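The structure appears right after this line, and notes come after that.
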2 protein chains.
Amino acid sequence: MLNELEKIKDSELLNGITVEELSSMLGCLRGVIKKYQKDELVLSEGEKIEKFGLLIEGRLRIVLYDYLGNKTIISEIKPNQIFGEAFAYVDKVSSTNIEAIEDSKILFLDSEKLSTPCNNGCSFHKQLVKNLLYIISNKNVNLTEKIECMSQRTTREKLLIFLNMESIKNNSKEFTISFDRQALADYLGVERSAMSAELSKLRNEGILESEKNKFKLL
Amino acid sequence: MLNELEKIKDSELLNGITVEELSSMLGCLRGVIKKYQKDELVLSEGEKIEKFGLLIEGRLRIVLYDYLGNKTIISEIKPNQIFGEAFAYVDKVSSTNIEAIEDSKILFLDSEKLSTPCNNGCSFHKQLVKNLLYIISNKNVNLTEKIECMSQRTTREKLLIFLNMESIKNNSKEFTISFDRQALADYLGVERSAMSAELSKLRNEGILESEKNKFKLL
DNA sequence: ATAAGTCTGTTGGATTTCCAACATAATAGG
DNA sequence: CCTATTATGTTGGAAATCCAACAGACTTAT
């Protein structure tokens with residue numbers, strides 16, 4: 001267990017909190033570690049959430065399916081990131097699915113316990129809540145960014161806005177994205193083949209270079 | 001001032017807090033009330049935010065403009081709701097604009113002060129932070145809902161998903177929305193005239209009835 | 001090494017949206 | 001009450017997307 005906690009000590013949720021402190025809090029927060037295999041469903045639409053997750057290792061995707069089966073990727077969860085906290089705190093059932101796209105290990109924490117300072121002398125609660133506020137706010141900003149991409153009217157504009165944002169996040173005109181073509185199309189809400197065609201155009205027009213998941217804006 | 005505070009006593013931010021308690025906290029939170037006229041800009045893209053707002057009266061819209069001038073409405077702010085808190089807590093400049101669409105009165109509160117319990121005996125801080133956690137989580141869910149609408153591939157599907165959500169929120173097949181046609185198009189990320197045409201089709205096919213902003217799903 | 005499966009790019013036709021222009025209805029102001 | 005303005009609906013052609021199908025490159029498993 002301690003070994004697992006070492007892995008997540010740099011997560012934003014634990015900012016300002018030591019592994020020892022976390023370890024002593026785990027009982028209080030009803031911490032549980034679970035494992036999931038690649039392609040396994042971690043959480044499905046309609047489920048009630050009382051614990052949110054902190055990804056220790058692996059990779060998850062938060063996705064939506066419409067009644068036609070079209071898939072939309074809301075976001076990706078990488079190690080050290082948390083998920084499910086929004087639904088936990090508003091006490092609504094999840095409207096999204098969460099899929100493991102790699103073998104994954106997750107620490108689940110009780111959301112109610114976390115936001116209610118207990119009487120056991122867990123003085124770290126205050127810090128945890130502040131961290132949580134920061135993380136959720138940040139997710140809010142990320143969702144707004146995604147909306148900015150999706151609100152573009154053409155596939156070309158969606159691509160350009162997305163790639164520009166990635167470039168800014170990486171502080172470089174050259175960067176690698178974690179989506180393959182199908183996933184990128186699902187994230188932007190467009191058709192894969194049309195997107196591929198548009199990427200070709202952008203390459204031909206000398207606006208960018210790309211090779212697999214590596215892009216360079218010119 | 002006390003008169004204004006009475007108006008917002010039912011806001012979610014002040015859940016569990018009395019007007020008197022709020023009044024005593026105002027200095028601590030550096031509360032300031034400002035007025036804006038219809039069509040005035042409350043906050044513009046790129047601005048740094050240190051105080052978030054609580055709308056006392058009027059109506060605001062959070063909007064994005066792309067470089068072609070296309071407008072996207074992210075959400076509407078009605079009295080008692082807060083705005084700007086996400087950017088305040090992640091300490092990023094705003095990527096959105098906030099416009100007053102009616103004459104409005106806003107209470108601004110210092111975000112840093114709010115999330116950091118002070119030593120003046122303001123015991124309500126804890127409650128405020130918990131309320132904030134709930135509100136931001138809820139916004140997160142709302143943004144996800146908007147993404148669900150926008151991720152639909154056709155105008156028709158976007159309309160149907162949106163109207164269904166509104167119907168659920170109102171607990172009735174019959175409901176009134178706060179958007180006019182242009183605003184609805186801006187919210188869904190589609191063209192107004194095409195949307196109008198699609199609405200006509202839906203009416204003709206007997207799927208819904210509508211008259212101005214009043215809709216009825218059949 | 002081979003075969004099976006996956007990922008990416010290409011293409012053409014059907015469908016849908018976008019855009020601009022106009023008609024009519026509803027609203028606001030003098 | 002009349003006029004000016006705004007909101008909504010309609011239409012046709014241009015543009016873009018979607019869809020299905022396929023080819024080639026790359027990866028994985030046996």
Side-chain angles (χ1 to χ4, degrees), chain A residues 38-39 61 65-73 101-103 149-163 176-205 207-216, chain B residues 37-39 61 66-73 101-103 149-163 176-205 207-216:
Chain A
K38 181 168 157 39
D39 295 328
R61 277 192 188 144
Y65 292 94
D66 66 21
Y67 69 102
L68 292 172
N70 285 316
K71 181 181 194 168
T72 302
I73 297 177
I101 58 171
E102 293 175 8
D103 289 355
C149 279
M150 292 191 65
S151 68
Q152 301 302 315
R153 305 306 161 84
T154 64
T155 299
R156 162 182 280 247
E157 285 167 346
K158 286 174 187 168
L159 272 171
L160 287 176
I161 296 272
F162 171 78
L163 292 174
T176 303
I177 65 174
S178 63
F179 291 136
D180 62 22
R181 293 291 185 275
Q182 182 62 60
L184 180 55
D186 290 341
Y187 179 82
L188 296 177
V190 297
E191 221 270 334
R192 183 198 59 79
S193 67
M195 188 190 74
S196 257
E198 201 58 51
L199 270 176
S200 296
K201 266 198 206 170
L202 290 169
R203 271 193 299 268
N204 290 336
E205 295 173 21
I207 294 172
L208 56 79
E209 287 171 3
S210 75
E211 183 218 346
K212 292 191 181 177
N213 299 345
K214 206 166 151 188
F215 289 82
K216 185 175 180 181
Chain B
Q37 291 186 318
K38 180 166 155 46
D39 295 329
R61 277 192 188 145
D66 65 21
Y67 69 102
L68 292 171
N70 285 316
K71 182 180 193 167
T72 302
I73 297 177
I101 59 171
E102 293 175 9
D103 289 353
C149 280
M150 292 191 66
S151 68
Q152 301 302 315
R153 305 306 161 86
T154 64
T155 299
R156 164 183 275 243
E157 284 168 346
K158 286 173 186 167
L159 272 171
L160 288 175
I161 296 273
F162 171 79
L163 292 173
T176 303
I177 65 175
S178 63
F179 290 136
D180 62 21
R181 294 290 185 274
Q182 182 62 59
L184 180 54
D186 290 342
Y187 180 82
L188 297 177
V190 297
E191 221 271 333
R192 182 198 59 80
S193 66
M195 189 190 74
S196 256
E198 201 60 49
L199 271 175
S200 296
K201 266 198 206 171
L202 290 169
R203 271 194 298 268
N204 290 337
E205 294 173 24
I207 294 172
L208 56 80
E209 287 172 3
S210 76
E211 182 218 346
K212 293 189 182 177
N213 299 344
K214 206 167 151 188
F215 288 83
K216 184 176 181 181

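Owing to the predicted nature of the structure, the values given are computational and were not obtained by experimental measurement. Proteins come first, then strands; the chains are lettered A, B, ... in the order of their sequence lines, and each starts at number 1.
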So which atom in A:M150 and which in A:K158 form the shortest heavy-atom distance, rounded to 0.1 Å? O-CE, 3.5 Å
Do B:R181 and B:S196 have side-chain N/O donor and acceptor atoms under 3.5 Å apart? no
How close or far is atom P of D:dC18 from atom CG of A:D66, stated in whole angstroms? 13 Å
Other residues, nucleotides, ligands: >12 heavy atoms within 6.0 Å of B:E205 CD: yes
Side chain of A:R192, backbone of A:V190: donor and acceptor closer than 3.5 Å? no
Heavy-atom side-chain proximity of A:K201 to A:T155 below 4.5 angstrom: no
Angle between the end axes of the helix from C:dA1-D:dT30 to C:dG30-D:dC1, five pairs per end, to the nearest 10 degrees? 50°
Whole Å only: how far is the NZ atom of B:K71 from the P atom of C:dC18? 17 Å
Which is more 5' along DNA chain D, the nucleotide nearest B:S200 or the one nearest A:G189? Just name the residue. B:S200
What pair of heavy atoms forms the shortest contact from B:S210 to B:R203, and how long is it? OG-NH1, 2.6 Å
On a heavy-atom basis, which atom in A:L163 and which in A:L208 lie closest, and how many Å separate them? CD1-CD2, 3.6 Å
Ranking D:dT11, C:dA26, C:dG9 by distance to the side chain of A:R192, first place goes to C:dG9
All N/O contacts under 3.5 Å from nucleotides 12-17 of chain C to the protein, with atom names and distances to one decimal?
from   : atom 1 : to     : atom 2 : distance (Å)
C:dT17 : OP1    : B:T155 : N      : 2.5
C:dT17 : OP1    : B:T155 : OG1    : 3.1

Please table the atom pairs, donor to acceptor, closer than 3.5 Å between any side-chain atom in residues 182-189 of chain B and protein atoms at least two apart or in another chain.
from   : atom 1 : to     : atom 2 : distance (Å)
B:Q182 : NE2    : B:D186 : OD1    : 3.2

Rounded interatomic separation in angstrom, taking CE from A:M195 and P from D:dA20: 18 Å
Rounded distance in Å - CG (B:L199) to P (D:dT11): 15 Å
All heavy atoms of A:I101 vs all of A:K38, minimum pair found to be O-CG, 3.6 Å
Distance in angstrom units between B:N70 CG and C:dC19 C1', rounded: 12 Å
Between D:dA25 atom C1' and A:D180 atom CG, what is the distance in whole Å? 15 Å
Within this structure, what is the CD-to-P distance between A:E157 and D:dA16, rounded to whole angstrom? 10 Å
Distance, rounded to the nearest Å, where B:D39 contributes CG and D:dT5 contributes P: 16 Å
